[in-house]
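Here is the structure we will look at.
Only a predicted model underlies this, so the values are computations on that prediction, with no experimental measurement involved.
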Amino acid sequence: MPRVFNKGFTGENGRRYSKSTGIGLYLSQRLCRKMNISLSISSVPGQGTTVTMVFPTESYLQAAGL
């Protein structure tokens, strides 16, 4: 899990499917950082994966001077 946001990381799917680029989560995290959005991921084998995005409403309002 610590490498899923690394540029080019594809995990098992990248080894099975040649069209995998490993760029999706990398770009998602970069864009979230630019917008001050927290992006995290956790996974439990056999149970599933949870992706969490936290949108800091207050910081947007403060940056806009409201």
Across all chains, not counting sequence neighbours, the side chain to side chain donor-acceptor pair (under 3.5 Å) partners of Ser40 are none

What about Phe55 and Met35, same hydrophobic cluster or not, with Ile/Leu/Val/Met/Phe/Trp/Tyr joined at side-chain heavy-atom distances under 4.5 Å? yes

Among all residues two or more places apart in sequence or in another chain, which pass the side chain to side chain donor-acceptor pair (under 3.5 Å) test with Thr49? Ser43

For a quick test of reading the model, state the closest non-hydrogen atom pair linking Phe9 to Val4 and the distance between them. CD2-CA, 3.6 Å

Nearest 0.5 Å, please: how far is NZ in Lys34 from CZ in Arg30? 6.0 Å

Measuring from Leu39:CG to Leu25:CG, what's the distance to the nearest 0.5 Å? 7.0 Å

Could you tell me if the side chain of Phe5 sits less than 4.5 Å from the side chain of Ile41, heavy atoms only? yes

Grouping ILVMFWY residues whenever side-chain heavy atoms fall under 4.5 Å, the cluster of Ile23 otherwise contains Tyr26, Leu27

